[in-house]
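From a predicted model like this one, the values you see are computed outputs, not experimental measurements. The sequence lines fix the lettering, A, B, ..., with proteins before strands; numbering per chain opens at 1.
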Amino acid sequence: MLRPTSRWTRVRASAGTSTVDAPEATAWIVLGGAGGATGEHVEAVELAADGSEIARTRLGAHALSSWVRDREGAAAPRWVWNDTPGWYAGLLADGVRVGRCHDLRLAHAILRDAVSVREAPSLRAAHEWDGAPAEPTAFDAAATLFSLEGDRSGFATGPPDGMDAALQEFERQRIAVARSDDPARLRLLIAAESAGALLAVEMRAAGLPWDAVAHDRLLTDQLGPRPVAGAVPRRMQEVAAEVRSALGDPAASLDSQPKLLRSLHRIGIPAESTSKWALAEYEHPVIAPLLEYRRLSRLYTANGWAWLDEWVHEGRFRPVYVPGGVVTGRWASSGGGALQLPRQLRSAVRADPGWKLVVADVAQLEPRVLAAMASDGALATAARGRDLYVGIVESGVVATRAEAKIALLGAMYGATTGDSARLLPRLRSAYPRAMALVDEAARVGDDGGVVSTWLGRSSPPPSASWHDVQAKASDVGSSRGDEDRARRWARDRGRFTRNFVVQGTAAEWALAWLADLRGRLAAMPLASEGDAAIRSGRVFARRPHLALFLHDEVIVHVPEPAAPAVADAVREAADAAAALLFGAFPIDFPLDVRIADTADKS
DNA sequence: TACTATCGCGCG
DNA sequence: AAAGCGCGCGATAGTA
């Protein structure tokens, strides 16, 4: 079955070792296309830890999976490839899981902009690596799922796929990291980012267990029976009739913001916007049914039957996750709105029979991260072992939990008005180090500078138009309008960089948590035969697996007997992530962990 | 007809 | 209560 189509060479250990013919240990295996655009062949180059080439293998694409399985088992290398989805989806479909990788595209994006990388120009010159991720083909269980031999037209965009390009870029990156100001942190960041890339593919393959019947029941309860194509659900029609009656206009349009605004003005509601918090200002019989119409309309259009048909198949919701898709390093998603899982639909997330969900989220992740980054002992003390906002209240800084929350969020987001801004001085005196950190990040951004996260991901520099606006305001003949605009843009950017350092470092903590947890789950024993409802990827049929990641929350789908052990693993992984990022600094990350049949929030 | 921009909502 | 960060998505309006 496995037929490498060319040589297998092994160089002898070169240095003065006494072991005869001992091969150097394989640290990395670089995979790249070798057959031109057809993708019929793949090359694998094994590298030692010092980057020297150990072996080169040419494979038919059909033979890749079993070869990778063998080498994974023998050498546990870090797989190096241009783009994780393009390689790993096919491997997983063949039941091959790998432990570690180095995603060249994601690493390129980090290193290219990182201020700690002095040799970034050589990376910036390699524009071909700047592209978007390759789009995975649409999931279709009946088709040749994730097949490398299948239609690759879905991969039209994406980074270079040849072996030479991969080797050159990998070399550039290794040099850039080694000569950077902080190689250890960058290596950690790239490893975490790459682990996330593996996990994103794994979670898509495994899917989030979804009870379509429960979802349909929820829709029917609220909207009425599923309407025929093009019709409006019954309950929406009824509520719309109430709204139109209150508007005194049987033909009023409720879906067009400008028309609705004019209708409201006609009946004496001088709202400037039709958003629900603007409408809540007014007391009028039209408001309640209008807000109800909006709620139902949102449910119907965003997560109604059409969504269910498109995104849920064979009991699994399979969104496309986009690791590194947000400038701060957070994940984005593409399709299905995976990162907006509406609260009211959480009850449709349901474990398979004989399985459980372990649902875990971190309380107040960002302020905890801020405390650690700033080495703010007072804030860390307020956070220790309890609700951080309660800790702030108990320290006597503010009077209520709500105030503590608003004040701290305002500090991290750059609030300038309202309760939040009013409370800021109290925070500044109680937590000077934490506040100084975010204030300094804002000042740098306001000035046009670049800020970086704890592990060294840097914010993008200001755009050319941003500089233009600033330059224009300092011209001799600048107008008041020019100056106002420049100040506004500068403050906007200051708020962005203020938040960047915190949100970005929180994303790094979350990646470290995920990566550690992924390793723990992989090391757990398989469930016994026969107790699994096999619905998807064979790799996950009998094993606890991550099913959702949502910035500061994970859902693990787990055979019931293993649930308590997995709950422990989730907590241990959080402790490990804290130690990995912040060493001995005394900050903890308490989790809310539940073992349940659904993902409902209490 | 196809596109982009804006609003509004909901997620962290 | 609706200021201050980051997203994705659907509907509508406006433009090419």
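The backbone N or O of A:Gly494 lies less than 3.5 Å from a partner atom in the side chain of A:Thr497, making a donor-acceptor pair. Judged by distance alone, the side chain of A:Thr84 and the main-chain N or O of A:Asp103 form no donor-acceptor pair under 3.5 Å. Looking only at distances, a side-chain donor or acceptor of A:Ser395 sits under 3.5 Å from a matching main-chain atom of A:Gly391. Not one N or O on the side chain of A:His551 forms a donor-acceptor pair closer than 3.5 Å with the backbone of A:Leu339. Judged by distance alone, with hydrogens and angles left aside, the side-chain atoms of A:Ser459 form no donor-acceptor pair with the main-chain N or O of A:Val450 at under 3.5 Å. Counting only distance, with no hydrogens or angles, the side chain of A:Glu242 and the backbone of A:Pro289 share no donor-acceptor pair below 3.5 Å.
At the heavy-atom level, A:Glu281 lies under 4.0 Å from the strands shown only through sugar-phosphate atoms. Using a 4.0 Å heavy-atom cutoff across all strands shown, A:Ser297 reaches no nucleic acid atom at all. Base contact: A:Gln503 has a heavy atom under 4.0 Å from a base atom. Across all strands, A:Gly336 comes closer than 4.0 Å only to sugar-phosphate atoms, never to a base (heavy-atom distances). Residue-level contact check: A:Val327 touches the backbone only, with heavy atoms under 4.0 Å from sugar-phosphate atoms and none from bases. Among the atoms of the strands shown, only primed sugar atoms or phosphate atoms (P, OP1, OP2) are found under 4.0 Å from some heavy atom of A:Arg294.
Under the 4.0 Å criterion applied to side-chain N and carboxylate O atoms, A:Lys356 and A:Asp597 are assigned as salt-bridge partners. A salt bridge links A:Arg520 with A:Asp516: the closest approach of a Lys/Arg side-chain nitrogen to an acidic carboxylate oxygen falls below 4.0 angstrom. Salt bridge A:Arg498/A:Asp439: present, at least one basic N to carboxylate O contact under 4.0 Å.
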>> Go through it in stages, so that I can follow the logic: the residues are A:Asp492 and A:Arg495, the test is salt bridge (Lys or Arg N to Asp or Glu O under 4.0 Å), and I'd like the CA-CA distance, side-chain angles, deciding distance and then a yes or no.
In response: CA-CA 5 Å; A:Asp492 287 350; A:Arg495 287 194 303 276; 2.3 Å; yes
> Given A:Arg457 and A:Leu189, is the side-chain contact (heavy atoms from CB on, under 4.5 Å) satisfied, shown in steps?
Replying inline: CA-CA 8 Å; A:Arg457 189 189 310 261; A:Leu189 176 55; 3.7 Å; yes
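Centroid-to-centroid, the aromatic rings of A:Phe317 and A:Trp307 come within less than 6.0 Å. Here A:Trp509 and A:Phe582 keep their ring centres 6.0 angstrom or further from each other.
The salt bridge (Lys or Arg N to Asp or Glu O under 4.0 Å) search around A:Asp468 returns none, not counting sequence neighbours.
Taking every nucleotide of DNA chain B with any atom under 4.0 Å from a non-hydrogen atom of chain A, the first and last of them, 5' to 3', are B:dC7 to B:dG12. In summary, contact between chain A and DNA chain C, defined as any nucleotide atom under 4.0 Å from a heavy atom of the protein, begins and ends at C:dA2 to C:dA13 in the 5' to 3' direction.
Atoms OG1 and CG, on A:Thr220 and A:Leu223 in that order, are 8.0 Å from each other to the nearest 0.5 Å.
Heavy-atom distances to DNA chain C give each of A:Gly335 and A:Asn499 a nearest nucleotide, and the one nearer the 5′ end belongs to A:Asn499.
Two residues are said to be in side-chain contact when any heavy atoms from C-beta on lie closer than 4.5 Å; A:Trp331 and A:Val326 fail this criterion.
Contacts between residues 211-237 of chain A and DNA chain C, counted as heavy-atom distances below 4.0 Å, involve no residue at all. Near DNA chain C, meaning a heavy atom under 4.0 Å from it, residues 485-496 of chain A has A:Arg495, A:Phe496 in order of number.
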>> If a pair means Watson-Crick or G-U wobble with both distances below 3.5 Å, what does DNA chain C look like in dot-bracket form, with | marking bases paired to a different strand?
In response: ....||||||||||||
